[in-house]
Amino acid sequence: MLWTLFVLILTVLLVLYKYLTRNFKYWQKKGVHFVKPTFLVGNIGSLLTFKKSIGTFLGDLYLNTDADIIGIWIFNTPHLVLKNVDIIKSVLVKDFNHFAFHGVCNDEKADPVFSRMLFASEPTYWKAMRVHLTPLFSSGKLKNMIPLINTVGDDMERYLLSKCELHSGKMRATLELNEVCAKFTTDVITSCAFGMNAKSFEHEDAEFRKVGRKMFDFTIGNALRGISYFFIPCLPRILKFTFFQPDVNEFCREAFWYVVNEREKSGLTRNDLIDTLIKMKNGESLNEFKFGDTVVAQAMQFFAAGFETTSSTITFALYELAINPQLQTEVRKEINQVFLENPAITYESLMETPLLDKVIKETLRKYPALPFLNRECIKDYKIPNTDVIIEKGTPIQIPMFGIHYDPNYFPNPHIFDPERFSEENSKEIPQCAYIPFGDGPHNCIGARLGLIMTKVGLLYVLRRFEVKANQNTPVPLNFDPKSFVLQVKGGISIDLLLD
Ligand code: HEM
């Protein structure tokens, strides 16, 4: 009897083992270079134990493997990591119709908001929605947003001045950079996307700032949600849990409908996102866009995709300027010249800071806010000049963090050198070797707004203050292995010295 039970348990374990490793020969059979997987976790043990973030995991894989394409397993599922930039270009741009999906869970019943965002939605809906939203980021619309961004810049300047105290004959403040920048970008996005003043500089615990923290701060719950939505899409589908915490969705829904009702009552128009969404809601556009959460999703995605990415870009730019004082002096000289000619920040004056432009580009190379890109193959695809066929349903990972540190494209990649992006040097960078905003039709829709926000934020800080490293400023930086986006463990402490 005992013996029979033993054989039965052994058989069940064997069958389970066979089932869970059934795909482990997949890349070998296709003749694709692969990294040997481990039972249950595939190749992502370091991710699950929070030793590495997904960005650094893929980046290290890129830098340590000598193959154009690399087969890995996330749990039991085969994923293809692309290293060759020509293949990356084919996937993102040339043969986009084979890869028009990010491959994340987009189950409406699990999360009616996330599933309708551009990033998550399936190709047909995505295409129609993207066409609809693109005009919101036209030059004219962006020009209209500059005064809104300047208002938040004024709030930030007042806040920074209020934090300064007299020390050794100079007014100075010691601050955690990311928090200041997150307040700035939170208020800008809520103003531009929700038409609201979030007042993050007035109240330390302002509601939108709290929601922003809930979206991106590390908790085991957030980590599990992220991993599930990106890598085990069937799990949220079956268990019906949302991408962000449910109260985050609820808050954004309430805030959105409050603004819409106020607008409709007052008849006020601002020619902004809310106006466009009101038109969608009232059926002046395609039918499928009319429904409640579809419109909420569009406002919420701009908040979710815009504030943390831009805040981290401003943070890292200020950090690099603090530890490269000579460069900072030159940047501040350029900025002061612009302000001397015209004290107000205008769309035109933003075009007159070529050195600052290069600093921002180099910041986005060294510190891409979203350090990897993903796609899913939606139609079988033969990789050009190879015999490899990527099958429908295969998830693709693009290790942006590795590419941006590839010495073939960026010699001495750990050195912060804005001159890589001089007019002449830029020509030497192949397409898809520099992809902080992604590339192809699914690229970042808010890239130009993100760049404008970054620039205005930097202008507001640097025109009055010198940024200086202090004894608590981390050098080198330690990226937080628990975060999907690029974040620094423990934050970045910096001194601001008023001129
Ligand atoms: C410096 C700031 C920013 C960075 C570095 C950034 C980066 C990115 C990246 C890497 C992607 C994925 C692109 C791809 O898969 O090819 C993306 C997508 C997206 N971003 Fe941004 N972003 C920034 C700012 C913004 C802003 C300000 C907004 C909106 C207000 C925004 C909205 C979006 C949306 C909606 C998508 C999904 C687009 C789609 O799938 O069609 N982003 N962003």
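Given the structure is predicted, the values throughout are model-derived calculations rather than measurements. Remember, it's 1-based here, ligands and their atoms both numbered in the order they're listed.
Ligand 1 places these atoms under 4.0 Å from at least one heavy atom of D439: 16 (O). Residue H102 has at least one heavy-atom neighbour below 4.0 Å for each of these atoms of ligand 1: 14 (C), 15 (O), 40 (O). Short contacts between ligand 1 and R130, defined as distances under 4.0 Å to a heavy atom of the residue, involve ligand atoms 38 (C), 39 (C), 41 (O). Those atoms of ligand 1 with a heavy atom of F119 less than 4.0 angstrom away are 40 (O).
Sorted by first and then second residue, the pairs that involve residues 184-196 and meet side chain to side chain donor-acceptor pair (under 3.5 Å), not counting sequence neighbours, are D187-S200.
Here the heavy atom of the protein found nearest to atom 7 (C) of ligand 1 is P436 O, 3.5 Å. For atom 16 (O) of ligand 1, the nearest non-hydrogen atom of the protein is R375 NH2, 2.7 Å. Here the heavy atom of the protein found nearest to atom 29 (C) of ligand 1 is F302 CD2, 3.6 Å. Here the protein heavy atom with the shortest distance to atom 39 (C) of ligand 1 is H442 ND1, 3.2 Å. Taking atom 12 (C) of ligand 1 as the reference point, the nearest protein heavy-atom neighbour is L373 CD2, 4.0 Å. For atom 1 (C) of ligand 1, the nearest non-hydrogen atom of the protein is T313 OG1, 3.4 Å.
The closest side-chain heavy-atom distance from V93 to Q431 is below 4.5 Å. Counting heavy atoms from C-beta outward, I274 and F256 have side chains that approach closer than 4.5 Å.
Centroid-to-centroid, the aromatic rings of F208 and F251 come within less than 6.0 Å. A distance of 6.0 Å or more separates the ring centres of F372 and F57.
Between F421 and Y434, the ring planes are tilted. Angles from 30° to 60° get that label.
Comment: E122 does not engage R116 in a salt bridge, judged by the lack of any side-chain N to carboxylate O separation of less than 4.0 angstrom.
Contact annotation: for L118 versus ligand 1, heavy atoms closer than 4.0 Å belong to both the backbone and the side chain. The residue M117 has no part lying near ligand 1, judged by heavy-atom distances below 4.0 Å.
Annotation: protein N, O or S atoms under 2.8 Å of atom 21 (Fe) of ligand 1 (waters excluded) comprise C444 SG.
For the residue pair N425/S422, the side-chain donor-acceptor check at 3.5 Å is satisfied.
W126 counts as a contact of ligand 1, since one of its heavy atoms falls under 4.0 Å from the ligand.
Looking at F401, F484, F50 one by one, the single match for ring pair (Phe, Tyr, Trp, His ring centres under 6.0 Å) with F479 turns out to be F401.
Other residues, nucleotides and ligands contribute at most 12 non-hydrogen atoms within 6.0 Å of the NZ atom of K392. Other residues, nucleotides and ligands contribute more than 12 heavy atoms inside 6.0 Å of the OH atom of Y347.
In this structure, R365 forms a cation-pi arrangement with F410, its terminal cationic atom sitting closer than 6.0 Å to the ring centre and no more than 45° off the ring axis.
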